[in-house]
Amino acid sequence: MFFVDLLVAGLVAASAWGLGRVLLRATGLRPGSTPSGSTSGRFVLSIGLGFGVLVYLQMALGFAGAFDRSVAWGVLGGMAAIGFFGVYYWRPALPKLGPGGLSVARHWPYIGAGIAIVVYALGYLVVALAPTLEGDSLAGYLVTARDYAREGAIVPVEYAYNSVFPANGQMLSSFGYLLRGQVVAQLLVAWVMGVLAAAVVYAIGRAWLSRRAALVGVMIWYATTSVAFLAASGKIDLAWAAFDLLSLLAFSHWYFSNRGARDWRWLALAGLFLGLAGGVKQASIFTAGVMAIGIAYRLISDRDTSFKDWALAYGPLALLAVPAVIWVARALALTDSPGFTGANLNNDSGAGGFFKAIWDMSMLGNAGDTEGPNGKSIGPTMLAVIPLALVVKGLDRRVLHFLVFAGLMVIVWFFAVQRARHLLPTLGLLALAAGYLVALMIERRPLVGRALMMLLLAAVAINFATWGWVNFVSLDHAGRAFNLRTDDEHFQRNMPELPWYPNAAITAFVRDRTPAEAVLAAPSGSNGLYLERTLYQDRFQSEDDLSNPEDFVTWLKADGVTHVYVNEFVVGQRGHGQAWLARPDFQAQYLTELVCDAGQCVYELK
Amino acid sequence: MKRLKQLAENRAGMVGLALASVWALVIFGFYFAFKVREIWPKIVEVLGGG
């Protein structure tokens, strides 16, 4: 029932918020430079702290082998009980309108931005309420989270491609699996974290720029195709963005304070969130590097700083970020690699390549060959609007600091993994800078500002139309989200559009009619979350690799393989037609056909 | 002299703003063009023309 899933996810978020309020009060930190700015800052820091505690609790329980449904509900009950004290004295203050009130004629740009944010959030929610059809989630991110919950511990899930990646994000999704199931997992790791990340972007803008700049900035960021794509998945990038942005929010309170008012506890808080973010995705190492440069800049500008000043700046930041290293140590213990390096991805290079990467990413996406043109665009707004900063006088200097920080991050990003989702927190700052410039133009040059806003709203609307087409028309998530369809009907309706994945008939057969301990091998990638079985998707070896088919079969049996899944479409796409498992002569001699449907077959190994 | 300098600065500001506005228009223009090219076949299909 979708409303029960929603209720459970809401309870987790509310408990995290209440718990975080207690913790934030205990630190004595007061976020925000203005009283109203502090409301949004306090809210996001509280909820972030609560989720941070949940992630580390889950990590401890997972490594101790104590993942269990009753333990998870106990954790939630404990969080809710402490959280109750956090919200007991909460007295909400409604935002006050200006002296002129709200006028559609005057304020339509901001009313439009607010409506766009709400429409996007509702669209993302509906999609998150149905089992995802996103490839990486089916091949890895939800596979690991589900298997952690199923096995009762954080165990190597060798058949998932991200088995040894950092797994703080999966701590949230496995919590969802333990509490109720996949939809709660998706809600926690994708939708709630997406809303939190957007709220942090708002809080940063509200604290250092203005309410209007923050509102437009949130719309620009939240409506990018990159965020929209992630919102329809069970991937961890939005959780990473939320924690990384929280660390930037805490860091900004230290960075933008006057020398006498700089409080090292803000850096400790930034370190805590950086550790959480780094444990979701290693890309936070770049945030840490640029933050370290920012600290050095501030301290060197102060001139007569002592060793104690430097120690009190870097020490707490580094110390509280250390838990992220646990996942690197785990990866090194299980493999020879510290984790994902992105070394095998196609990237642009050189000065021309830099502009091409930015240009492509601002148009329809910068990785058309591997990720699809609809997947990972950030939209044109940032590229179109930010150059205004070169010609507008009297800019808030903090915007320049945002831009320098973002510029350094973009340069590092260019030399690492050139995908928009690896830049999400920086895109939040760039969106705020763009939002600030649009709001400034509306104030100083209404004609230019309002024209920009119309273009921006048109881009956001067209983007929602194409994303909505993919997710509600071409694919249909709404039928399953509102319980008008079962899971099997959801797969029957949608899998014909997604030939890379096991189709509905194959999924039902493997899930319902093979033994629970069955192990499948496939010659090519297979995105097999819904098969509910171990699926080795890299058994594409051919005669060139193993000349004797008996040796190949022996190898399969040594890995416990009992069944074989062949998807002709994927075999063709990957060029694995000569793989032993795809060859008819091998199939005739060593396999027994169990079911075939629409070019996909399941066999039993003789 | 001071007034002339002020005038020159204002003109430069206007030219800069005009250039930045044209830049923004060009970027949005390319984006909308790419988007229309991407979705046009679907529009034709839905409206029954293709």
Side-chain angles (χ1 to χ4, degrees), chain A residues 220 224-225 355 358-366 368 372-375 377-395 434 437-438 440-441 444-445 447-470 473-474, chain B:
Chain A
I220 294 169
T224 56
T225 311
F355 185 77
I358 301 293
W359 173 265
D360 287 346
M361 191 167 69
S362 301
M363 295 295 137
L364 299 187
N366 69 329
N374 269 329
S377 165
I378 63 167
T381 311
M382 289 172 251
L383 184 61
V385 174
I386 288 174
L388 271 170
L390 296 172
V391 298
V392 174
K393 283 182 183 172
L395 282 184
L437 288 162
V438 170
L440 195 70
M441 282 293 113
R444 290 189 191 169
R445 303 266 181 191
L447 187 67
V448 177
R450 285 166 184 248
L452 275 177
M453 197 64 195
M454 283 180 72
L455 290 169
L456 216 170
L457 287 171
V460 164
I462 289 179
N463 198 35
F464 190 80
T466 50
W467 179 84
W469 175 273
V470 170
V473 181
S474 181
Chain B
M1 196 64 194
K2 198 173 176 183
R3 194 173 290 175
L4 268 177
K5 195 178 167 193
Q6 182 83 39
L7 192 67
E9 275 181 7
N10 285 347
R11 283 286 162 86
M14 288 296 287
V15 170
L17 186 63
L19 284 175
S21 302
V22 169
W23 167 263
L25 275 176
V26 168
I27 298 295
F28 274 108
F30 269 106
Y31 179 75
F32 289 131
F34 284 133
K35 267 291 182 193
V36 167
R37 194 176 67 174
E38 181 193 26
I39 63 179
W40 185 252
K42 196 56 76 178
I43 293 172
V44 172
E45 181 189 320
V46 171
L47 295 179

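Proteins get letters first, then strands, A, B, ... in listed order; numbering begins at 1 in each.
Within 6.0 Å of the CZ atom in A/R450, the count of heavy atoms belonging to other residues, nucleotides or ligands exceeds 12. For B/F32, the CZ atom counts as densely surrounded, since its 6.0 Å shell holds more than 12 non-hydrogen atoms of other residues, nucleotides or ligands.
Contact of A/I462 with chain B is made through the side chain alone, with heavy-atom distances under 4.5 Å. Of the two parts of A/A451, neither the backbone nor the side chain holds a non-hydrogen atom closer than 4.5 Å to a non-hydrogen atom of chain B. Interface remark: A/S362 contributes backbone atoms only to the contact with chain B (heavy atom separation under 4.5 Å).
The minimum heavy-atom distance linking A/V385 with A/A434 is given by the pair CG1-O, 3.7 Å. Between B/F28 and A/L452 the shortest heavy-atom distance is CE1-CD2, 4.4 Å.
When each of B/V26, B/L17, B/V36, B/L19 is scored by its heavy-atom pairs under 4.5 Å with chain A, the top score falls to B/L17. For the set A/T381, A/L455, A/L388, A/V391, the entry with the most heavy-atom pairs within less than 4.5 Å of chain B is A/L455.
Summarising the geometry, atom CE belonging to A/M363 is positioned 6.0 Å from atom CG belonging to A/L383; distances are rounded to the nearest 0.5 Å.
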